[in-house]
Protein chains: 2
Amino acid sequence: MDGPLETRELAYFLAVADDLHFSRAAARLGIAQPALSKTIQKLERRLGVVLFERNSRTVTLTPAGQVLAREARHALDAVDAAARRTRRADTGDPHLILAMKAGGDAGLLSPILAACDREPCSLPVRVIFHTDRVRLLRDGLADAALLYSPAEDLSGLDTEPLLTEPLMAVLPASHPLAARASLRTADLRDENVHGQRGPTTGPEARSLTELLQLVALGQTVAMVPRFVTTPLRHDLACVPVTDAQPVTLLLAWPAHSTSPAIAALARAASAASPGR
Amino acid sequence: MDGPLETRELAYFLAVADDLHFSRAAARLGIAQPALSKTIQKLERRLGVVLFERNSRTVTLTPAGQVLAREARHALDAVDAAARRTRRADTGDPHLILAMKAGGDAGLLSPILAACDREPCSLPVRVIFHTDRVRLLRDGLADAALLYSPAEDLSGLDTEPLLTEPLMAVLPASHPLAARASLRTADLRDENVHGQRGPTTGPEARSLTELLQLVALGQTVAMVPRFVTTPLRHDLACVPVTDAQPVTLLLAWPAHSTSPAIAALARAASAASPGR
DNA sequence: GCCCATCCATGCCGTCAGGTTATCGATCGC
DNA sequence: GCGATCGATAACCTGACGGCATGGATGGGC
């Protein structure tokens, strides 16, 4: 009834919570089903809480189980990140890893890195290009990232805003709306709009260049922050969308970080951003 | 060399990291010293990283160890919070716990709670008064809190700003500076200033009333946000400090929360704040 | 309506991780 | 140099965790 939860218990719980099936979950974990059942029971006894409703034919999460599913994922992320960051701290080659989307720095990266170099306590910065930068941060695979708000979930991160710019619609140059000085989201209602957020119908774009290629082919219309639209292919046009929330480019890092090197990078970013 | 870290290992590691003494740490943990030594060695082997420098007379943290000390604390906090929130979610009496400093709500609490009541998915809100509200949040003992920025560390929290007001110096009515229309921080250089932040010399104040009592006695001068200065004792005066950063009162909650009840409270706070 | 398939819980047993005590080796203060 | 202190090592013991076999409940097929 007491004592802290073990990560093994949480991982087992999440396995069951994920496919709501003890036998399959056990197989995925590489253990036998009874062992899993017993561990879950023990976890429930220890918490004093029923986590699953077992109807002998179907398994469902109780409300408390839903809470634990969310919290456990967060806790395990934190544990894994602890291990990764510790390993990284031990390499003889100390450096920071900055994650960004290729072309998504609005030209600010160079001045930031230059300013960082002049900061005391700074470390060499290695840049990696990746789409899911938030995950890299949470998993401890990157130390900082260039993110977009409000497109991305910033919870658990500390941030330094760099630049705020309106959303632009990117259209084929020949598109009837391309000549307009500005648009409203309603104008694009009938288009197949590809944004930064959420899934849309139609073809998927893996990178900005791919996305713009699709726009040029007339298969979609893109809504992107202004700072990724320069320079623009000559067969495309971009028009501000006045009633869309503007996008902020920001530097983000794990919230509880106390590393002086991260602090130096944040100071550099603040100094190099056009805001000041 | 693989597999996730266990919370037991992290807790043991932190015990050693805390007093840098294996025998004492083992005693505190209620185990024998060899068991602790072996567990730490195993942890080091598993991470592939030396965490302590043992000089057979003194134990110190390596740089990697310092990183792990920080990260492990965070991870264990997350695990403990997971257990607490799960237990709380199971009680038959669902409610939110809001932590605040007594008198620190600028009169906004009532309208917020009233607005919350009208929100769908809202839960009854129970208010507790406590100084270290950030800790309550991180430990899962509170679901939301009224905090002050920049006085408090908001990392890992989501926030909704409610009100921004200048810092005021609170002085005895008879103080030479009390008649001034405004002050600058330099004017208070020679005073024994008690703020919200950091330790100062002189007597400690546990509550706002205590603090104001000390001011009335001429033992200190207080710097506090304006919204806690009304009404003010008649023997005190308050004067805005023009070059101090203004203070924002905000509602905060754990960043990764997805609870609809918290969302309802946040919406209510946003609706009831004078900002809109 | 019976029977079988499915799926989680239980009982029993073996193994190893994690604990204990005893002891060693190294270092510092006197 | 000697004793005291402290972490590492050695040898051993116990119980938690996992495996296998089986039970019990439920739903679907014929």
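Here the structure is a predicted model, which means the values were calculated and not measured. The chains referred to below are lettered A, B, ... by the order of the sequence lines, with proteins before strands, and numbering in each begins at 1.
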Peer 1: Specify the separation, in whole Å, of atom CD1 of B:Ile40 and atom P of C:dG19.
Peer 2: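 Distance check: B:Ile40 CD1 to C:dG19 P gives 11 Å.
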Peer 1: Between B:Arg73 and B:Asp18, is there a salt bridge with N-O shorter than 4.0 Å?
Peer 2: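 Result for this pair is yes, salt bridge flagged.
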Peer 1: Give every pair of a protein N or O atom and an N or O atom of nucleotides 20-26 of chain C that lie under 3.5 Å apart, one pair per line with the distance.
Peer 2:
| from | atom 1 | to | atom 2 | distance (Å) |
| --- | --- | --- | --- | --- |
| C:dT20 | OP2 | B:Ala32 | N | 2.6 |
| C:dT20 | O4 | B:Lys38 | NZ | 3.4 |

Peer 1: Nearest whole angstrom, please: distance from the C1' of C:dC8 to the CZ of A:Arg24.
Peer 2: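 So the two atoms are 13 Å apart, to the nearest Å.
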Peer 1: Select from B:Glu6 and A:Val59 the residue whose nearest nucleotide in DNA chain C is closer to the 5' end of that strand.
Peer 2: A:Val59
Peer 1: Rounded to whole angstroms, how far apart are CG on B:Leu43 and P on D:dG7?
Peer 2: 17 Å
Peer 1: Is the shortest distance from a Lys or Arg side-chain nitrogen in A:Arg84 or B:Glu71 to a carboxylate oxygen in the other one below 4.0 Å?
Peer 2: no
Peer 1: Can you name the side chain to side chain contact (heavy atoms under 4.5 Å, CB included) partners of B:Ala99, sequence neighbours left out?
Peer 2: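 B:Ala99: side chain to side chain contact (heavy atoms under 4.5 Å, CB included) contacts with B:Ile128, B:Arg133, B:Leu136, B:Ala142, B:Ala145.
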Peer 1: Just how far, in rounded Å, is C1' of C:dT6 from CZ of A:Arg54?
Peer 2: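 My rounded result for the distance is 17 Å.
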Peer 1: Could you list the residues that satisfy salt bridge (charged side-chain N to carboxylate O under 4.0 Å, His left out) with B:Arg57, not counting sequence neighbours?
Peer 2: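 B:Arg57 satisfies salt bridge (charged side-chain N to carboxylate O under 4.0 Å, His left out) with no residue once adjacent residues are dropped.
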Peer 1: Can you tell me the distance, in whole Å, between the CG atom of A:Leu51 and the C1' atom of C:dC8?
Peer 2: 16 Å
Peer 1: Rounded to whole angstroms, how far apart are CD on A:Gln41 and C1' on C:dG11?
Peer 2: 12 Å
Peer 1: Is any side-chain N or O of B:Ser37 closer than 4.0 Å to OP1 or OP2 of D:dT9?
Peer 2: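 So the side chain of B:Ser37 is outside the cut-off, no N or O lying under 4.0 Å from OP1 or OP2 of D:dT9.
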Peer 1: For A:Thr86, what residues pass the side chain to side chain donor-acceptor pair (under 3.5 Å) criterion, not counting sequence neighbours?
Peer 2: none
Peer 1: Tell me what B:Thr58 touches on the nucleic acid: a base, only sugar-phosphate, or nothing, going by heavy atoms under 4.0 Å.
Peer 2: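 Here B:Thr58 touches no strand at all.
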Peer 1: Looking at B:Asp143 and B:Arg85, is there a salt bridge between them, counting it only when a charged N and a carboxylate O are closer than 4.0 Å?
Peer 2: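 A salt bridge is absent here (no side-chain N lies under 4.0 Å from a carboxylate O).
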Peer 1: Once salt bridge (charged side-chain N to carboxylate O under 4.0 Å, His left out) is applied, do any residues pair with A:Arg28, and if so which ones, sequence neighbours excluded?
Peer 2: A:Asp19
Peer 1: Take atom CG of B:Asn55 and atom P of D:dG7, then tell me their distance rounded to the nearest Å.
Peer 2: 12 Å
Peer 1: Using whole Å, what does the distance between atom C1' of nucleotide C:dG18 and atom CZ of B:Arg46 come to?
Peer 2: 12 Å
Peer 1: Under a 4.0 Å N-O cut-off, is there an ion pair linking B:Asp77 with B:Arg135?
Peer 2: yes
Peer 1: Can you pull out the residues from residues 8-20 of chain B that lie within a 4.0 Å heavy-atom distance of DNA chain C?
Peer 2: B:Arg8, B:Tyr12
Peer 1: So that I can tick it off, tell me whether A:Glu160 and A:Arg267 are bridged by a salt bridge, with the cut-off set at under 4.0 angstrom between side-chain N and carboxylate O.
Peer 2: no
Peer 1: Under 4.0 Å from OP1 or OP2 of C:dG19: is there any side-chain N or O of B:Thr39 that close?
Peer 2: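 The answer is yes; a side-chain N or O of B:Thr39 sits under 4.0 Å from OP1 or OP2.
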